[in-house]
Student: 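Below are the structure tokens for one structure; questions will follow.
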Amino acid sequence: PHASRGRVLCVDDEPNILRALSWLLRKEFHVVTAQSALEGLELIKTGDFDVVVSDQRMPEMSGVEFLNEVKAIAPRAMRILLTGYSDMEAVI
């Protein structure tokens, strides 16, 4: 039933953020969530995602590090980084 909709992976260590993103995107996309970068990488290895949305501040690795790994595994996927902090130097 989700074949015609794009697949989006949302990765954040905060469950409330994942619920909000799922709720916002679910009408247009098939949304899969992961509560850690490591869980997200496992999903990337086994699934095909059109978009990967990641938080910047996570325990095991930063969002930038995670999205660099995603690029190596799934170069076709669009990558989006979210952050609630103004730590622009770390993001760049």
Side-chain angles (χ1 to χ4, degrees):
H2 301 294
S4 62
R5 300 191 309 177
R7 287 177 45 91
V8 177
L9 173 62
C10 297
V11 181
D12 197 310
D13 60 318
E14 295 184 39
N16 291 337
I17 300 295
L18 291 177
R19 272 194 297 280
L21 287 170
S22 293
W23 185 80
L24 287 169
L25 299 171
R26 69 181 179 196
K27 288 184 181 178
E28 299 292 327
F29 305 98
H30 174 70
V31 180
V32 177
T33 62
Q35 289 191 29
S36 73
L38 297 178
E39 182 184 351
L41 289 174
E42 288 304 312
L43 289 167
I44 290 289
K45 291 174 186 173
T46 60
D48 184 32
F49 292 95
D50 301 296
V51 178
V52 179
V53 179
S54 174
D55 184 26
Q56 167 62 8
R57 292 195 178 195
M58 296 185 289
E60 56 281 313
M61 68 177 70
S62 72
V64 170
E65 293 167 329
F66 169 71
L67 292 176
N68 277 330
E69 294 282 330
V70 169
K71 182 179 180 182
I73 298 166
R76 185 187 73 75
M78 180 181 294
R79 296 165 309 279
I80 299 173
L81 182 69
L82 301 178
T83 184
Y85 299 92
S86 59
D87 192 4
M88 195 56 97
E89 216 171 286
V91 173
I92 292 171

Student: For residues Gly40 and Leu9, report the shortest heavy-atom separation together with the two atoms involved.
Tutor: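 Looking at all heavy atoms of both residues, the shortest contact is O-CD2, 3.8 Å.
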Student: Test side-chain contact (heavy atoms from CB on, under 4.5 Å) on Leu21 and Leu82 and set out the steps.
Tutor: CA-CA 11 Å; Leu21 287 170; Leu82 301 178; 4.2 Å; yes
Student: Phe66 and Val52: which non-hydrogen atoms are nearest, and at how many Å?
Tutor: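 The pair with the smallest heavy-atom distance is CE2-CG1, 3.7 Å.
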Student: Mind listing the closest non-hydrogen atom pair of Cys10 and Leu25 along with its distance?
Tutor: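 That would be SG-CD1, 4.0 Å.
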Student: Has Arg79 got a side-chain atom pairing as donor or acceptor with Ala77's backbone, closer than 3.5 angstrom?
Tutor: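 Yes; at least one donor-acceptor contact below 3.5 Å.
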Student: Please confirm whether the backbone N or O of Ser36 pairs with a side-chain atom of Glu60, one donor and one acceptor, at under 3.5 Å?
Tutor: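 No, Glu60 side chain to Ser36 backbone: no donor-acceptor pair under 3.5 Å.
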Student: Donor-acceptor check, side chain of Asp50 to backbone of Arg7, threshold 3.5 angstrom: yes or no?
Tutor: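 Pair found, side chain donor or acceptor close to backbone of Arg7.
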Student: Check whether any side-chain N or O of Gln56 sits under 3.5 Å from a backbone N or O of Ser62 as a donor-acceptor pair, and report yes or no.
Tutor: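 A pair under 3.5 Å: no.
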Student: Of all heavy-atom pairs between Thr33 and Glu39, which one has the smallest distance, and what is that distance?
Tutor: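 For Thr33 and Glu39, the tightest heavy-atom pair comes out as O-OE2, 4.0 Å.
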Student: What pair of heavy atoms forms the shortest contact from Ile73 to Ile44, and how long is it?
Tutor: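 Reported closest heavy-atom pair: CG2-CG2, 3.4 Å.
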Student: Calculate, to the nearest 0.5 Å, the distance between atoms CZ and CE belonging to Phe49 and Met78 respectively.
Tutor: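 The CZ atom of Phe49 sits 15.5 Å away from the CE atom of Met78.
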Student: So among Val32, Val51, Ile80, which one has a side-chain contact (heavy atoms from CB on, under 4.5 Å) with Val8?
Tutor: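 It is Val51, the one option of Val32, Val51, Ile80 that forms the side-chain contact (heavy atoms from CB on, under 4.5 Å) with Val8.
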Student: I need the minimum non-hydrogen distance between Leu18 and Ala34, along with the two atoms involved.
Tutor: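 Where Leu18 meets Ala34 most closely, the heavy atoms are CD1-O, 3.5 Å.
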Student: Rounded to the nearest 0.5 Å, what's the gap from CZ on Arg19 to CD on Glu14? Could you check?
Tutor: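 Here the rounded value is 11.0 Å.
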